[in-house]
Protein chains: 2
Amino acid sequence: MNYNLEQTLETLRTVRLANKMSQRALSAKSGLPQSHISNIENGVVDPKLSTLIELARTLELELILVPRKRLPAVRAIVRNTGNVARDTDDGRVTRDGLRPAYSLDEDDA
Amino acid sequence: MNYNLEQTLETLRTVRLANKMSQRALSAKSGLPQSHISNIENGVVDPKLSTLIELARTLELELILVPRKRLPAVRAIVRNTGNVARDTDDGRVTRDGLRPAYSLDEDDA
DNA sequence: AAAATATATATAGTTTAATATATCAAATGA
DNA sequence: TCATTTGATATATTAAACTATATATATTTT
């Protein structure tokens, strides 16, 4: 129903998994009950802003508001980090040679 | 206490004002009570995620989660739009000639 | 197969967001 | 000055988030 919301929740789960964290691990780190994390990820509850921020921070994510106009540019930054050959976790190369969204830090600064 | 939260609320108010909208106008457009908007902007309440998104969308903002690492790059995009000479609303020129954060659209695509 | 781990789900109790509505004070404008 | 607009604040009610805890159901590992 709400694209922005679904997208946000999906990001949370994606990044958690990318960090190879279980809901329990995230629970331990964030202080939120595992059951609550499950409910949030599945859209069963509508978390409070502070809860979302807490969860995000634990996953080293920051929440920001972006003018809709700037969204494409911002997405471009968030999605990839530049053109690299070997890319994904398992050594696969994505079609366009770009990193997947929310890839783990391989420290490429 | 929570930088991310304060920042978010500040952005909401800033953009609302930049659009020359009163809380009542925003209320009418978003469907949320003016009293609630006031409480949210002042951090009196901890809004639900859906509420924040609703408010943001009304102001043509999208909420996204950004890897902390990418934050500087993203902020750079959100803050300015390039180097222009005359800049601010009233024709002032900022010191570095960049647009202020969350400037109104002058359509510079 | 059994054990361990991970996720989804349930219940009961507490806290708080959200609503409608109204009012007050301060700023703005006629 | 008087009227309007704006934002903050208050109250009462309803809905829902959040907590702790427990359990059931996968999924993975040994």
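Proteins come first, then strands; the chains are lettered A, B, ... in the order of their sequence lines, and each starts at number 1.
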Heavy-atom donor-acceptor pair, A:Thr11 side chain to A:Gln7 backbone, under 3.5 Å:
yes

Of all nucleotides in DNA chain D with an atom under 4.0 Å from a non-hydrogen atom of chain A, which is the first and which the last going 5' to 3'?
D:dA17 to D:dT21

Please classify the nucleic acid contact of B:Ile37 as base, sugar-phosphate, or nothing, using heavy-atom distances under 4.0 Å.
nothing

If you look at every strand shown and take non-hydrogen atoms under 4.0 Å, does A:Ser38 touch a base, only sugar-phosphate, or nothing?
base

Sugar-phosphate atoms are those with a prime plus P, OP1 and OP2; base atoms are the rest. Using that split, label each nucleotide of nucleotides 20-30 of chain C B, S or - for protein heavy atoms under 4.0 Å, 5' to 3'.
SB-B-------

B:Ser27: partners by side-chain contact (heavy atoms from CB on, under 4.5 Å), with sequence neighbours left out:
B:Gln34, B:Ile37

Would you please test A:Leu55 and A:Arg16 for side-chain contact (heavy atoms from CB on, under 4.5 Å) and show each step?
CA-CA 10 Å; A:Leu55 225 43; A:Arg16 175 176 64 79; over 6 Å; no

Residue set satisfying side-chain contact (heavy atoms from CB on, under 4.5 Å) with A:Asn4, at least two apart, ordered chain then number -> A:Asn2, A:Thr8, B:Ile53, B:Arg57, B:Glu62, B:Leu63

Spacing of B:Leu9 atom CG and B:Asn42 atom CG [to the nearest 0.5 Å]:
9.0 Å

One pair to check against side-chain contact (heavy atoms from CB on, under 4.5 Å): B:Lys48 and B:Thr51. What are the steps and the verdict?
CA-CA 5 Å; B:Lys48 291 196 286 180; B:Thr51 304; 3.8 Å; yes

Side-chain heavy atoms of B:Ile64 within contact of A:Leu71, under 4.5 Å
yes

Provide the full list of salt bridge (charged side-chain N to carboxylate O under 4.0 Å, His left out) pairs with a residue in residues 25-35 of chain B, sequence neighbours left out, each pair given once.
none

Testing A:Arg70, A:Lys69, A:Arg68 for salt bridge (charged side-chain N to carboxylate O under 4.0 Å, His left out) with B:Glu60, which one passes?
A:Arg68

Report the distance from atom OG of A:Ser22 to atom CG of A:Leu17, rounding to the nearest 0.5 Å.
10.0 Å

Short of 4.0 Å, heavy atom to strand atom, which residues of residues 42-54 of chain A count as contacting DNA chain C?
A:Asn42, A:Lys48

